[in-house]
Amino acid sequence: MIPSVLPTYNRAPLEFVKGEGSWLFEADGRRFLDLGSGIAVNALGHANPKLVEVLSAQAQNLWHVSNLYKIPQQEKLADLLVEHSFADTVFFTNSGTEACELAVKMARKYFYDKGQPERVEIITFDGSFHGRSSAGIAAAGTEKMVKGFGPLLPGFVHLTFGDMDGLTSAISDQTAAVLIEPIQGEGGIRPLPDAELKALRQICDAAGILLILDEVQCGVGRTGKFFAHEWAGVTPDIMMVAKGIGGGFPLGAVLATEEAASGMTAGTHGSTYGGNPLGCAVGCAVVEEVMAPGFLAEVNRRAGLFQQKLEGLVAAHPDVFEELRGTGLMLGLKCKALNMDVVQAGYDNEVITVPAADNVIRLLPPLTVSDDEICEAIARLDKAATQVASA
Ligand SMILES: *Cc1c(COP(=O)(O)O)cnc(C)c1O
C-alpha cells in the first residue's frame with residue numbers, strides 16, 4: 001500500500017525532534033553533529049536565537065497579506081540585497097526552483113522586448129541542478145529527472161560542465177543566456193574555476209547574451225563571500241538564490257540588473273506567498289548577520305581550519321577518500337568507497353553528511369560551526385571512515 005506521504009524520497013531512518021546550533025537531537029537523546037544543514041539551508045544553525053526572536057515577533061503581528069499591498073519587510077530585504085550585491089532589483093520566491101522559473105522567463109522577456117523574440121535558448125551544463133519544476137528539470141536535462149515526464153520545456157542546450165570551446169560554438173542567434181552554478185552542489189561539489197567564470201562573462205558580453213548564475217546552494221556566505229561569484233570578480237545579469245537566505249524558512253529570490261529585469265513590468269510575473277512578511281523578516285535577519293562586520297572573515301577562518309583537517313582525514317584514509325573539493329564551507333569528499341556507505345557510517349557515528357553525484361559526500365555545516373565542533377566532526381568522520389574501511 002502506498003504510504004500516506006508520497007514515496008519520492010529514500011529517507012534515512014533518523015527522526016529529529018530538536019535542533020540547536022550545529023546539533024540535531026532524536027527523541028531518545030541521541031545527538032548528531034550536523035554537517036548537512038538541511039542541504040545548505042540552516043546557514044546560521046538550528047534554532048538560532050536571533051532568528052527565533054525575529055520570526056516569533058513577526059508571527060505575533062502579521063503573517064501574510066499578498067503582493068496586492070506594500071510589504072515593508074520585503075522592501076527592506078530587497079534593499080539589503082541590492083546594497084550588498086551587483087543587483088538593482090529583486091523578486092522573492094519560496095524556493096530555488098521558482099527562482100529558476102523566473103530567471104528563464106526574465107531572460108526570454110528581455111530579448112522579446114528588445115525585438116529579438118527568437119532568442120529563447122538557455123545554455124546549461126551537465127551535472128547541474130536547478131530544481132524540480134518544469135524549467136528546472138529541462139534546464140538540468142538529467143535523465144533521472146526528466147524521464148517519463150513527457151514533453152519538456154523546450155529551449156535548453158546542454159554542454160559539458162566548463163566546456164568553454166563548446167560554449168562559443170553553441171551560441172547562436174537564438175541564444176538568450178547561459179545558466180550555470182559557480183559551484184555545482186548536487187553534481188558533487190564541482191567548482192567552476194575563477195578563470196572560467198571570468199571567461200564565461202567575457203563570452204556572454206561578446207555575444208550580447210545574459211549570464212544567469214544559480215547561487216541557490218553556494219550563495220549567502222557559504223563559500224566565504226556573500227555570493228560565490230565574487231571570488232572571480234565578475235557579476236551576473238540574473239542570479240537565483242534560495243536555501244541559506246531563509247536560514248530554514250522557505251525563501252528564495254531572483255536578483256537582477258535593471259537592464260536584465262527591464263521586461264518584467266507589472267503583471268508579467270507573480271507569486272501569492274513570495275516575499276511574505278514572515279519569510280522576509282527572517283531573510284533580513286539572515287542577511288544582516290552574514291554581512292555583519294567580521295562574520296565572513298570568521299567563516300573563512302573556520303573553513304581554512306576545516307579544510308586543513310579534512311586534507312589530513314583524506315590522507316589518513318586513502319582507501320575511503322580520494323580528494324577534498326570546494327570553497328569555504330561548501331565542501332565535498334570524493335569517495336573511493338561507496339559514498340552512501342560513508343554517509344551511513346556517519347549516521348552510525350552520529351555525524352550527518354549529504355550524498356551528491358560523482359560519488360561525493362557533501363560537508364555543508366552551519367556557517368556558525370565552532371572550532372571545537374570542527375574537531376569533533378573530524379573525529380567522528382575518522383571513526384566513520386575506519387568503519388567503512390574495515391567493513
Ligand atoms: C536546491 C537547489 C535548487 C532547487 O531549490 P528548491 O528550493 O529545492 O526548489 C536549485 N538550484 C540549486 C543549485 C540547488 O542547490
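Every number for a ligand or one of its atoms is a count from 1 in the order of the listing.
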Considering non-hydrogen atoms only, spot the tightest contact between [X] and [Y] and give its length.
| X | Y | answer |
| --- | --- | --- |
| A40 | K243 | O-CB, 3.7 Å |
| S271 | E98 | OG-OE1, 4.1 Å |
| F86 | L255 | CZ-O, 3.8 Å |

What about [X]: any of its N or O atoms under 3.5 Å from an N or O on ligand 1?
| X | value |
| --- | --- |
| G131 | no |
| V216 | no |
| D214 | yes |
| E186 | no |

Ligand 1 atoms in contact with [X] (distance to a heavy atom under 4.0 Å):
| X | answer |
| --- | --- |
| F129 | 1 (C), 2 (C), 3 (C), 4 (C), 10 (C), 11 (N), 12 (C), 13 (C), 14 (C) |
| E181 | 13 (C) |
| T97 | 4 (C), 5 (O), 6 (P), 9 (O) |
| K243 | 1 (C), 2 (C), 3 (C), 14 (C), 15 (O) |

For this session: For atom 6 (P) of ligand 1, grab the closest protein heavy atom and report residue, atom and distance to one decimal in Å.
Result: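 In this structure, atom 6 (P) of ligand 1 has G96 N, 3.4 Å as its nearest protein heavy atom.
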For atom 8 (O) of ligand 1, is the nearest protein heavy atom under 4.0 Å away?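 Within 4.0 Å: no protein heavy atom nearby.
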* Calculate, to the nearest 0.5 Å, the distance between atoms CG and CD belonging to D163 and E196 respectively. =>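 Rounded to the nearest 0.5 Å, the CG-CD separation comes out at 9.0 Å.
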With a heavy-atom distance limit of 4.0 Å, tell me whether H130 approaches ligand 1 through its side chain, its backbone, both, or neither.
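The answer is the backbone of H130.
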With heavy atoms and a 4.0 Å threshold, my read on which part of S95 contacts ligand 1 is both
Between D173 and R119, does any side-chain N to carboxylate O distance fall below 4.0 Å? no
Looking at E350 and R31, is there a salt bridge between them, counting it only when a charged N and a carboxylate O are closer than 4.0 Å?
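No.
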In terms of ring plane angle, is the pair F227 and H229 parallel, tilted or perpendicular, where the classes change at 30° and 60°?
-> parallel
- Message: Are there over 12 heavy-atom neighbours, none belonging to F295, within less than 6.0 Å of that residue's CZ?
- Response: yes
